[in-house]
Protein chains: 2
Amino acid sequence: MTREERREALVAAALVVVEREGLGGASARAIVAEAGMPLGALHYAFASLDHLLAATLDAVTDQERLAAEAPISAGVDAGLEATLAAGLDAYVSLLVARPARELAYLELMLHASRDRLDLPPAPGRYERSYGLVAALLEEAAAATGCTWTTPPPVLARHTVAMLDGITTTWLADHDDQAAHASARFLAASLAARSLKED
Amino acid sequence: MTREERREALVAAALVVVEREGLGGASARAIVAEAGMPLGALHYAFASLDHLLAATLDAVTDQERLAAEAPISAGVDAGLEATLAAGLDAYVSLLVARPARELAYLELMLHASRDRLDLPPAPGRYERSYGLVAALLEEAAAATGCTWTTPPPVLARHTVAMLDGITTTWLADHDDQAAHASARFLAASLAARSLKED
DNA sequence: GCACCAGTTGGACGAACGTCCAAGTAGGTG
DNA sequence: CACCTACTTGGACGTTCGTCCAACTGGTGC
């Protein structure tokens, strides 16, 4: 097993542990046990536990929880707002069905953000999310014959923010209906920044 | 010193520690040291460390980080959207100036939410935030001669969600301008749910 | 077949953790 | 003054933590 394979396996195991037991339970021993590795393997693949957790955050950011939005399957007949609402609703449904994963993501993200509170911005980290969502927004507009009056990258950041907020809020109150309502509010607010082409 | 005073002092100390060192650094010893108390005082006032952290979350929810929105000082001449934007921008400015406090709040909230992942909703916890924001929305509408076309409590939850998301997103990318842009996006989206009275 | 080396392992180590409790203290009562 | 109650304390306990390292493994080159 190469070192890179070992790193990937540890990252996958770390994500499972954080999802199941929370960041507080993500100890070196718990993670290597999940990966079926001896304890020493961690410091052979990573300099420290914190390095592993940072790599785990990068991995989960990459594989993109927002990929759930991907199915922009509705066509021209549905309209832009309905198309957006369907995608955003899909994310909420995923959140309700598997909240531990979103919780794990947020825990990892907040943990990493503490180390850089006084540091300059690190644009690279969320850039990929914004780009992916921006592409989805453009795709949805194209599929419904609309154009954006605000640049998609700007709208993408608003979208990511609102989805994060929908997540934390649902985690606090477990109100499924309200979360879906917030998703539709976002869909309508985004659609207000578009024009129907003729 | 009564037990209640002791509890309050410990809660205040816990918040300071979480803000300074993060949830991971909020150990029993660190908190009692911050409070200037002996170690045993914690289990005299609280059943466990987790009970103290839960009480800390309740306290910070109560004292309401959203109180920063309070200054709805703009008048009729400014219009509803501008009034909302001013209040929301004030929150973003507070976030940028003192991110550790918002980070502490989110860490405490996520920590508490993990224990109730499989539990039924706990409406009480965020209810107060929603109510407070709803009152602010009504106040802003009244001050600018507008009426809401969507019930303020519903809009309030969307607002709290978006503010949470603006917070997590800024913590990830430290993009001040983008955070303010999201605040203005929210202000415009809310204002779209209002009518100017005549 | 022997030496060697990169890779791998599990136990050892000191520190820090949450919790508990026996001893100590202060203040009011007989 | 003696006593008792209620409160307060700091140390002790067993566990778990992250990290490190000496021993072990299987391979390859001589």
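Scope of the values below: all heavy atoms of this structure, side chains included, with no hydrogens, waters or symmetry mates. Below, chains carry the letters A, B, ... as their sequence lines are ordered, and counting in each starts from 1. These numbers were taken from a predicted model, which means no experiment stands behind them.
Shown here is A/Gln177, whose CD atom has no more than 12 heavy atoms of other residues, nucleotides or ligands within 6.0 Å. The number of heavy atoms from other shown groups lying within 6.0 Å of CD (B/Glu4) is above 12.
A syn orientation is assigned to D/dG27, its glycosidic angle lying within 90° of 0.
Between A/Arg184 and A/Glu81 there is no salt bridge, since no side-chain N of the basic residue sits under 4.0 Å from a carboxylate O of the acidic one. Salt bridge annotation for A/Glu21-B/Arg114: absent, with no cationic side-chain nitrogen under 4.0 angstrom from a carboxylate oxygen.
No side-chain donor from either of A/Asp175 and A/Trp170 sits under 3.5 Å from a side-chain acceptor of the other.
The base-pairing partner of D/dA2, taking Watson-Crick or G-U wobble contacts with both distances under 3.5 Å, is C/dT29.
Among all heavy-atom pairs drawn from A/Arg116 and B/Ala172, the shortest one is NH1-O, 3.5 Å.
The only option from A/Leu84, A/Leu137, A/Val154 that meets the side-chain contact (heavy atoms from CB on, under 4.5 Å) definition with A/Thr159 turns out to be A/Leu137.
Contacts between residues 8-21 of chain B and DNA chain D, counted as heavy-atom distances below 4.0 Å, involve no residue at all.
Protein atom OH of A/Tyr44 is 15 Å distant from nucleotide atom P of C/dG10, rounded to whole Å. Residue B/Phe46 contributes atom CZ, which lies 16 Å from atom C1' of C/dG18 at whole-angstrom precision.
Remark: A/Arg6 is in phosphate contact with C/dT8, judged by side-chain N or O atoms under 4.0 Å from OP1 or OP2.
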Can you give one letter per nucleotide of nucleotides 12-20 of chain D, 5' to 3': B if a protein heavy atom sits under 4.0 Å from the base, S if only from the sugar-phosphate, - if neither? B----BBB-

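Listed for the A/Glu107 side chain is a donor-acceptor partner under 3.5 Å among the backbone atoms of A/Leu23.
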